Student: 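Handing you this structure, nothing more for now.
Quick caveat, the model's predicted, so the values are computed rather than measured. We count residues from 1, following the sequence as given.
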Amino acid sequence: MLAAALKPSLLWALRAALLALPLAGLATVDDTKGGVLLLTRFDWIAYAAFGAFLISYVTVTFKKRQLAAGGLLQRLPLPSERLIWRVLLCAAVILPFILPRNLIDLFSLVLLYLMLAWGMNIVVGLAGLLDLGYVAFYAIGAYSYALASYHLGLGFWEALPLAVLLSGLFGLLLGF
């Protein structure tokens, strides 16, 4: 029973390692000579793969044991969905003050790409439309934010609404 959980868990570990490679496994740092160095952080990739393996293995074996027990474990008291959301909200408020800046930036980048992937899944996967405008408007917003920040000297919270408005304006113009 436990050996059957090994194959899907190894596949999840491989997926996590492949996703962690560009997001967490590679980092660029400024060189003293004015160049850029590419650093590899294989330990982060190993942590992501091991974490995915462990979560998958525990989940699969728990489900198999629950089925083998005839649903006996279904009677265990589980936390309510409201409690889970409250704990996640508290963690989202507290963790930015506890974690180091590089992890916060990494988590922000991962969540940003996760939102983009969910949007593409809805547009392309569920609706069946091949719409690349979704990513184009993201790019317009990012580019206008970068230009406003660099050339106008605006801070993050000042340039962000401007980038959203410009991206929406391009979408409105394209819609007409």
Side-chain angles (χ1 to χ4, degrees), residues 1-32 35-74 76-132 134-139 141-142 145-146 156:
M1 177 169 64
L2 298 178
L6 196 60
K7 183 178 177 184
S9 300
L10 287 174
L11 285 174
W12 276 110
L14 179 66
R15 289 180 189 136
L18 290 176
L19 284 174
L21 177 66
L23 292 175
L26 300 174
T28 56
V29 292
D30 292 333
D31 190 8
T32 57
V36 177
L37 294 175
L38 182 66
L39 297 179
T40 55
R41 298 183 294 199
F42 292 116
D43 54 339
W44 287 37
I45 298 170
Y47 296 147
F50 181 72
F53 174 80
L54 194 63
I55 290 170
S56 175
Y57 192 77
V58 168
T59 304
V60 170
T61 54
F62 182 76
K63 285 181 182 179
K64 288 191 182 292
R65 285 185 182 174
Q66 185 178 10
L67 290 174
L72 180 65
L73 296 176
Q74 288 179 346
L76 288 176
L78 296 174
S80 69
E81 188 176 340
R82 292 182 125 187
L83 177 67
I84 293 172
W85 280 111
R86 287 179 183 158
V87 168
L88 288 175
L89 181 65
C90 288
V93 170
I94 294 171
L95 282 179
F97 297 107
I98 298 172
L99 294 176
R101 176 63 189 215
N102 61 347
L103 282 179
I104 294 171
D105 291 342
L106 177 68
F107 289 154
S108 300
L109 187 66
V110 168
L111 289 174
L112 181 69
Y113 286 131
L114 183 68
M115 289 189 315
L116 280 171
W118 277 342
M120 288 296 288
N121 184 29
I122 290 170
V123 171
V124 178
L126 300 177
L129 301 171
L130 181 59
D131 183 19
L132 299 178
Y134 182 84
V135 177
F137 295 129
Y138 165 75
Y145 164 77
F156 174 77

Student: Can you list everything that forms a side chain to side chain contact (heavy atoms under 4.5 Å, CB included) with Leu111? Sequence neighbours excluded, please.
Tutor: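 Applying side chain to side chain contact (heavy atoms under 4.5 Å, CB included) to Leu111 gives Leu114.
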
Student: Output yes when a side-chain donor or acceptor of Ser56 lies under 3.5 Å from a complementary backbone atom of Phe53, and no otherwise.
Tutor: no

Student: Side-chain contact, heavy-atom cut-off 4.5 Å: Trp44 with Leu106?
Tutor: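 Yes; the side chains approach each other to less than 4.5 Å.
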
Student: How about CZ on Phe156, more than 12 heavy atoms from neighbouring residues, nucleotides or ligands closer than 6.0 Å, or not?
Tutor: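 Counting neighbours around CZ of Phe156, more than 12 heavy atoms of other residues, nucleotides or ligands fall under 6.0 Å, so yes.
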
Student: Any non-hydrogen side-chain atom of Leu39 less than 4.5 Å from a side-chain atom of Leu26?
Tutor: no

Student: Restricting to non-hydrogen atoms, name the atom on Tyr57 and the atom on Thr61 that form the minimum distance, rounded to 0.1 Å.
Tutor: O-OG1, 2.8 Å

Student: Is there side-chain contact between Leu99 and Phe107, with heavy atoms separated by less than 4.5 Å?
Tutor: yes

Student: A quick test of your reading: do over 12 heavy atoms of other residues, nucleotides or ligands sit less than 6.0 Å from CZ of Phe137?
Tutor: yes

Student: Of all the heavy-atom pairs spanning Ala48 and Ala16, show the shortest one and how long it is.
Tutor: O-CB, 3.7 Å

Student: Rounded to the nearest 0.5 Å, what separation is found between the CG atom of Asn121 and the CG atom of Leu116?
Tutor: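 Those atoms lie 12.5 Å apart.
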
Student: Under 6.0 Å from the six-membered ring centre of Trp12 and within 45° of its axis: does the NZ or CZ of Arg15 meet both?
Tutor: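 Yes.
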
Student: First locate atom OG1 of Thr32, then atom CG of Leu37, and finally report the distance between them rounded to the nearest 0.5 Å.
Tutor: 8.0 Å

Student: How long is the straight-line distance from SG of Cys90 back to CG of Leu95, given to the nearest 0.5 Å?
Tutor: 10.5 Å

Student: Which distance, rounded to the nearest 0.5 Å, do you find between the CG of Leu54 and the CZ of Phe50?
Tutor: 5.0 Å

Student: Could you measure the distance from the CG atom of Leu89 to the CD1 atom of Ile94? Nearest 0.5 Å is fine.
Tutor: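 Going from CG on Leu89 over to CD1 on Ile94, the span is 9.5 Å.
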
Student: Could you state the interatomic distance from OH (Tyr138) to CE (Met115), rounded to the nearest 0.5 Å?
Tutor: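 The distance works out to 8.5 Å.
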
